[in-house]
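Computed over heavy atoms, backbone and side chain alike; hydrogens, waters and symmetry mates excluded. Throughout, numbering of the chain's residues begins at 1 and tracks the sequence. Indexing begins at 1, ligand by ligand and atom by atom, following the structure's order.
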Amino acid sequence: MKVSLLLSQFCFAGLISAAFVDPLPAPRNVTWGNSGSITFADKPDLHVDGASNDVLLQAFERMWTTVTDLKWIPYSVAANITHGSVSQKKLSNITVSLSDEKSDLQLGVSETYTLDVTEDAVVIEADTVWGALHAFTTLQQLFIYNKESQNYYIENPVSIWDEPLYQHRGIMLDTGRNFLSKGKIMQQIEVMALCKLNVLHWHMVDTQSWAIEIKTYPEMIKDAYSDRESFSQEDILDIIQYGKTHGVRIVPEVDLPGHANSGWKRVDPSIVACGNTFWADTAVEPGPGQLDISSNKTIQVVKNVYKELSKLFPDNVFHIGADELQATCWNTSSGILDWYKSHPASPSKGSGFIQLLQYWVDMMYPFFTKSKRITTWQDFITDGVNVPKDTIIQTWNGGASSTKNLTSSGYDVIVSTADFLYLDCGYGGFVTNDPRYLDLAKNDEFNEGAGGSWCNPYKTWQRIYNYDFADGLTEEENKRVLGAEVALWSEQVDSTVVTQKLWPRAAALAESTWSGNKDDKGDYRAYYFTQRINEFREYLVEMGVDASPLVPKMCVKYPHTCDFYKDPLELNKWNTTTAA
Ligand SMILES: *[C@@H]1O[C@H](CO)[C@@H](O)[C@H](O)[C@H]1NC(C)=O
Ligand SMILES: *[C@@H]1O[C@H](CO)[C@@H](O)[C@H](O)[C@H]1NC(C)=O
Ligand SMILES: *[C@@H]1O[C@H](CO)[C@@H](O)[C@H](O)[C@H]1NC(C)=O
Ligand SMILES: *[C@@H]1O[C@H](CO)[C@@H](O)[C@H](O)[C@H]1NC(C)=O
Ligand SMILES: *[C@@H]1O[C@H](CO)[C@@H](O)[C@H](O)[C@H]1NC(C)=O
Ligand SMILES: *[C@@H]1O[C@H](CO)[C@@H](O)[C@H](O)[C@H]1NC(C)=O
Ligand SMILES: *[C@@H]1O[C@H](CO)[C@@H](O)[C@H](O)[C@H]1NC(C)=O
């Protein structure tokens, strides 16, 4: 990333014991003092300059409860027999000043904060409550439990200035292919907040199931997998509220007009094309289905569903999908074939298929944007459809080259390059009755190489962290990168495994979007991040979050004992070209 970073000094050996605590994500600018540790008496008092605020008070309680429940000592600290003297200086006050108490949690809201821990006070300054929440999650990770005196200390005075590089730092969860419980979604929000991810992109429905309550069309939720596996609007509001108290925006997605069958067909089977075909003839995966947008009935139903959901979700952004439209599916609809007849292919307008997509965009985008800013997957643009420039485009194909093309043509972009940021990859294929697992001679690739998952291999945290997703952009283009998201599509994910598949890998994106994957000299800093993510994972497990182990615990306890090379700057010597 060609971004200039203010270096956190504790990255470098030299400063005394400051190497012990290493919050994730690394703040933009950290200055450690060396006058010795600061002990906290009992629960500190919170003083808020200005109107106090429920979100802030709850975040403070959450921080202190976690600190006292966990009694955390980082593994590398516990292992260091030389660490030691704890001062008698006791603090009991935390002061928070906000200059803008009103700003809502929306795209682009200020998240800046400063955190000063001195021998006299802990002072947090932030524009907004959302910035102050980040100060708390940093502070929370600085406390170390002292077994002897049974209280908590921070190793040295410290001064932090912090602000994200990118305003959109997200995770995409999919409750269409498999269901995720409300509790599991909330748990992911807790971890997101801890590592300063601020957007949960909720891919709510897909062809396979429709688990959300729509009051205008109560029949839609009959396509939930079961009554248990569904979200009432009350559940949805609970999730939104939980997100808000954690500083996490909930951006809903209803994929339109593709990936659509369940739910819609309950309203009227005629508004869905190819829903009853064999999937391999009409879709990229089971199950098939796209809205038949040649019919006015379809348009009316879509408008009603959108109207209801856009009122339910307070976020100013709504994701309307536009993923993977298939011409073969629409060709099974007589209405669409008639539409094609009256819109013959032409060199200027393209095929009937492209014209139909253009008709949809021209008719629907002005309607959608009456109430929200919209995000779509990049597919329409790849197909050659003209999409209005104020649409936010989410990439998944074409790597850094896509990002370059889109930002240079004026779009704001969210990067989700499948080759780097899709967390569902690498678990093998899921389609069944598949002879490719039998006929080994013909399918060596399938069994030995790629191994049946379309986006193989599994994306390790190192692949995610080292991805220079803004490589090759001008400063102007980089401004159009709103941020990035890891995506966890749920063909093989439900409540039982979502946590292990997300964490701690998603924390790699949390840092690369917050303070970058390189230092201010442009050097890769994965060497330093290694200990942060290793300790972060242990911290999560202690919190009751089933994050996956990344290494034998020896590597956590004794930092850098598991490095492939000794040189912290080894990565810089290698060809870092990011393939598309
Ligand atoms: C152990 O603590 C000493 C003294 O505080 C410090 O200099 C050293 O870097 C620490 N070692 C590790 C591995 O953190
Ligand atoms: C970052 O820290 C350095 C060293 O203390 C300081 O000189 C600089 O002003 C800080 N930058 C910001 C933006 O706080
Ligand atoms: C805590 O802050 C309050 C209000 O600023 C002040 O009156 C009090 O003296 C402080 N207490 C300590 C122990 O510093
Ligand atoms: C469908 O709606 C369009 C645009 O409002 C209108 O021009 C057309 O006549 C309608 N078709 C039918 C069959 O009602
Ligand atoms: C769909 O039908 C149109 C019109 O008959 C035809 O031109 C086109 O090739 C078909 N597309 C596919 C993918 O079958
Ligand atoms: C980006 O644009 C260039 C030039 O038009 C084109 O060759 C390339 O295929 C595009 N890349 C992607 C991923 O769309
Ligand atoms: C780095 O790798 C890319 C892609 O394989 C290649 O085009 C380029 O020439 C390599 N650069 C160097 C300096 O080896």
Among protein heavy atoms, which sits nearest to atom 13 (C) of ligand 4, and what does the distance come to when rounded to 0.1 Å?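 Result: Asn296 ND2, 4.3 Å.
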
for atom 2 (O) of ligand 5, nearest protein heavy atom and its distance come out as Asn331 ND2, 2.3 Å

The single option from Arg169, Arg505, Lys196, Arg525 that satisfies salt bridge (charged side-chain N to carboxylate O under 4.0 Å, His left out) with Glu511 is Arg525

Parallel under 30°, tilted from 30 to 60°, perpendicular over 60°: which one fits the rings of His201 and His319? parallel

For the residue pair Tyr467 and Phe420, does the interplanar ring angle fall in the parallel (under 30°), tilted (30 to 60°) or perpendicular (over 60°) class? parallel

Original post:
Given the side-chain rings of Phe529 and Trp461, with only the six-membered ring counted for Trp, is the space between their centroids under 6.0 Å?
Top reply: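 For Phe529 and Trp461, the ring centres are under 6.0 Å apart.
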
(message) Below 4.0 angstrom, counting only protein heavy atoms, does anything approach atom 5 (O) of ligand 6?
(response) no

- Message: Under 4.0 Å and counting heavy atoms only, is there anything from the protein next to atom 9 (O) of ligand 5?
- Response: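 Within 4.0 Å: no protein heavy atom nearby.
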
Note: ligand 6 atoms sitting under 4.0 Å from heavy atoms of Ser402 are 13 (C)

Out of all atoms in ligand 6, which are within 4.0 Å of some heavy atom of Ser401? Include the element for each.
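Checking each atom against Ser401, I get 1 (C), 10 (C), 11 (N), 12 (C), 13 (C).
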
Please check whether Thr328 reaches ligand 5 - meaning an N/O of the residue sits under 3.5 Å from an N/O of the ligand, judged on distance alone.
no

Side chains of Asn466 and Asn517: donor-acceptor distance under 3.5 Å anywhere?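 No, no side-chain donor-acceptor contact under 3.5 Å.
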
For this session: Tell me, please, whether Phe430 has Arg177 positioned over its six-membered ring: NZ or CZ under 6.0 Å from the ring centre and within 45 degrees of its axis?
Result: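 No cation-pi geometry.
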
- Task: Report the member of Asn405, Thr395, Asn397 with the shortest heavy-atom distance to atom 11 (N) of ligand 6.
- Result: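 Comparing heavy atoms across Asn405, Thr395, Asn397, the nearest one to atom 11 (N) of ligand 6 lies in Asn405.
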
